[in-house]
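These numbers come from the heavy atoms of this one structure, side chains and all, not from hydrogens, waters or symmetry mates. What you see is a predicted model, and the numbers here were worked out from it, not measured in a lab.
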Amino acid sequence: MLTASPTRPIVRRLDPVLVDRIAAGEVVERPAAAVKELVENAIDAGAASIEVTIQAGGRRLIRVVDDGIGMEPEDLALAVERHATSKLPEGDLDRIETLGFRGEALPSIGAVARLSLVSRTAEAESGHGLVVDAGIKGPVRPVAAERGTRVEVTDLFSATPARLKFLKSDRAEAGAVAEILRRLAVAHPQIRFTLRGEGGNGLTFPAEMGQGAWLRRLAAVLGADFAANSAPLSLEREGLALDGHVGLPTFHRAAATHMHFVVNGRPVRDRLLLGAVRGAYADVMASDRHPVLALALTCDPTLVDVNVHPAKTEVRFREPGLVRGLIVSAIHDSLRREGGRASGSVAARTLESLRPAQSPPLPLRRPEPPPAPPRGSGRVESFAQDFFGEAPAAEASAPGFAEEAQAAFAGAVLPPTADWREPSPEPAAPAHPLGAARAQLHETYIVAQTQDGIVIVDQHAAHERLVYERLKREREAGGIARQLLLIPEVVELDPAEADRLAEAAEDLAALGLVLEAFGHGAVLVREVPSALAGGSLRALLADVVDVLQEGGPDPLARRLDAVLSRMSCHGSIRAGRRLRPEEMNALLREMEATPLSGQCNHGRPTYVELKLTDIERLFGRR
């Protein structure tokens with residue numbers, strides 16, 4: 001059987017237009033990528049105002065108009081050639097001080113669409129324009145134009161129709177364009193950004209100047225409530241300067257889209273920066289939630305490589321450990337300066353849940369007369385004596401009741417007045433942020449009165465954070481205070497769990513938990529942290545084993561913090577425990593003095609504050 005011999009492949013140069021179309025696949029993945037390249041060019045041109053218009057999600061039309069310095073006719077002709085740029089005057093790739101530098105964006109876009117360029121400098125009497133259609137460049141012609149540059153891209157990917165099927169819906173593509181504009185707006189608050197699209201789905205970010213300009217721009221991008229629920233930060237170290245605003249731990253989102261990073265004016269999505277932020281919030285936020293923040297890192301261009309990704313969204317630092325440490329330290333310091341402040345959005349969600357639904361009024365019924373409680377035998381009276389020092393008084397009818405309500409209660413039988421005593425005047429709420437304890441509900445929640453509202457505290461969550469912070473302080477001060485067990489306790493576990501605890505015995509001893517292997521499938525506990533004395537050792541060790549089994553690439557210090565977090569849960573006040581007034585007030589005062597006490601170790605809020613004005617609105621008084 002005869003077979004055809006394979007033909008020898010011949011190496012040849014690709015057609016320049018085909019080369020541009022291949023390069024476009026790296027630079028222009030979707031309409032949002034084209035918008036990003038064009039807007040970055042406008043920023044590098046010194047524009048004070050940039051307007052973007054799109055149709056069909058950018059597939060049909062992308063128009064970017066800026067008031068920058070513009071281009072001369074010869075520059076205009078050269079700008080659509082491959083690897084031609086004005087942004088590397090010295091040809092030094094180690095010192096990139098602009099947003100665009102590859103010189104590929106315009107020729108790549110022109111290779112897969114119809115590209116129209118019109119530009120005029122401030123000195124020129126008229127502008128000039130040219131058209132690139134599917135890679136074919138036309139001549140430069142004089143045209144009427146205002147100062148700056150106007151770029152129009154029509155029928156994107158018309159020269160490569162196969163790519164069109166990979167685009168998402170027009171709505172999704174328009175959303176991606178809007179996200180690009182938001183990130184560039186965060187990085188450059190001094191520039192006015194405008195996005196116009198179909199259906200009125202536009203954006204406008206006015207130029208911000210003067211003190212507080214960046215925070216105002218962040219509030220416009222991240223929401224008006226960001227300013228009130230964030231903390232500023234600023235830190236410099238070894239040639240790196242970090243500035244920004246970070247959201248409080250209880251002000252979080254389900255996705256990481258509300259985190260903005262800017263490196264030397266360039267918005268980036270870098271894994272190193274994301275990992276540093278997650279590490280900084282590890283103690284105060286649940287693993288499935290994400291903070292809201294904006295960080296701007298400024299450094300010498302030689303310390304960061306921005307030429308590692310075609311889309312220029314990733315960077316590489318010369319000293320990644322230094323950058324990570326700077327971010328973690330700055331966020332920690334910023335959050336601790338805020339003390340135990342919780343997000344105002346917690347109160348907003350609480351008020352929304354308390355707002356009554358619209359329903360028809362219930363018919364007024366005559367209440368059944370309540371039985372007279374025997375003096376000194378009721379639990380309510382006993383609690384009132386513990387709390388106020390004497391028994392509760394009879395409730396009096398409030399003046400101004402409707403006549404039918406008075407008639408309904410006319411037959412109610414009240415206990416004899418001889419069995420009740422007038423209460424002493426209630427003390428005024430002290431000038432403490434968390435106020436004075438007034439009651440305990442369901443042996444779980446403390447209700448405190450402040451000067452202008454009330455505070456509801458989850459006693460277990462709050463005390464868990466306090467114990468955790470205390471253990472960390474003791475560890476940093478030289479060692480966690482221990483309590484020697486009078487009789488060492490043997491705890492039986494799964495053999496694998498017992499072996500893992502025995503292997504970590506040295507690290508656990510540094511945390512105040514002293515144990516050793518005791519036969520097969522058991523450990524002997526000799527000492528425990530003083531703050532955890534009296535708790536269930538078996539439950540404590542089970543949680544510690546869970547943390548040790550998670551393992552992972554986390555450094556030892558973070559794993560030890562996770563162990564302390566689990567341990568503190570066992571040493572805190574449990575839900576269901578009745579507290580005396582002095583105990584409740586002591587807990588409030590310690591919360592005020594402890595940083596990060598606004599949320600527990602798992603990221604849940606420890607208290608909710610409701611202002612008196614908000615409560616009055618609930619009852620229609622405002």
Side-chain angles (χ1 to χ4, degrees), residues 186 212 214-235 242-261 273-274 276-296 327-353 432-435 448 450 452-453 455-458 461-462 464-466 468-469 472 561 565 588 590-611 614:
V186 165
W214 198 30
L215 184 57
R216 291 193 297 273
R217 172 58 60 84
L218 293 178
V221 174
L222 297 174
D225 52 352
F226 176 74
N229 293 291
S230 64
L233 63 78
S234 181
L235 186 62
L242 182 69
D243 295 282
H245 296 266
V246 293
L248 298 176
T250 47
F251 184 73
H252 45 65
R253 295 289 186 270
T257 55
H258 290 75
M259 289 191 284
H260 292 260
F261 302 102
L273 304 180
L274 287 170
V277 168
R278 290 194 181 100
Y281 278 89
D283 272 357
V284 292
M285 188 173 293
S287 59
D288 60 341
R289 305 298 292 181
H290 303 273
V292 182
L293 53 81
L295 299 177
I327 292 175
V328 173
S329 297
I331 294 178
H332 279 173
D333 293 345
S334 178
L335 295 181
R336 288 185 176 276
R337 282 197 302 270
E338 295 300 310
R341 186 161 71 97
S343 165
S345 61
V346 177
R349 292 195 299 269
T350 304
L351 289 170
E352 189 63 30
S353 65
H432 292 295
L434 296 182
T450 63
D452 59 351
V455 169
I456 305 173
V457 178
D458 182 334
E464 182 180 349
R465 167 58 67 178
L466 299 181
Y468 179 40
E469 293 298 326
K472 289 200 298 183
D561 281 346
S565 177
L588 298 178
E590 190 172 357
M591 288 178 64
E592 294 166 351
T594 302
L596 308 177
S597 62
Q599 56 282 319
C600 72
N601 310 347
H602 314 292
R604 296 188 297 269
T606 57
Y607 71 88
V608 175
E609 182 178 9
L610 301 178
K611 298 298 184 182
D614 295 326

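- With rounding to the nearest 0.5 angstrom, the CD1 atom of I327 is 12.5 Å from the CZ atom of R278.
- We find the CZ-OG distance between R465 and S565 to be 7.5 Å, quoted to the nearest 0.5 Å.
- Taking the six-membered ring where the residue is Trp, F226 and F251 present tilted rings, their angle falling between 30° and 60°.
- Atom CG of residue L335 and atom CE of residue M285 lie 8.5 Å apart, to the nearest 0.5 angstrom.
- Atoms CG and CG, from L293 and L248 in turn, are 11.5 Å apart once rounded to the nearest 0.5 Å.
- Considering CZ of R289 and OH of Y281, their distance stands at 13.5 Å, rounded to 0.5 Å.
- Note that the CD atom of E592 and the CG atom of L434 stand 4.5 Å from one another [nearest 0.5 Å].
- S234 and D243 form a side-chain donor-acceptor contact under 3.5 Å, judged by distance and modelled atom types alone.
- Here the shortest heavy-atom pairing between H252 and G603 reads NE2-O, 4.3 Å.
- A salt bridge is absent between R604 and D458: the closest approach of a Lys/Arg side-chain nitrogen to an acidic carboxylate oxygen does not fall below 4.0 angstrom.
- Between L222 and H260 the shortest side-chain heavy-atom distance falls below 4.5 Å.
- Using a 4.5 Å heavy-atom threshold, the side chains of L233 and I331 count as touching.
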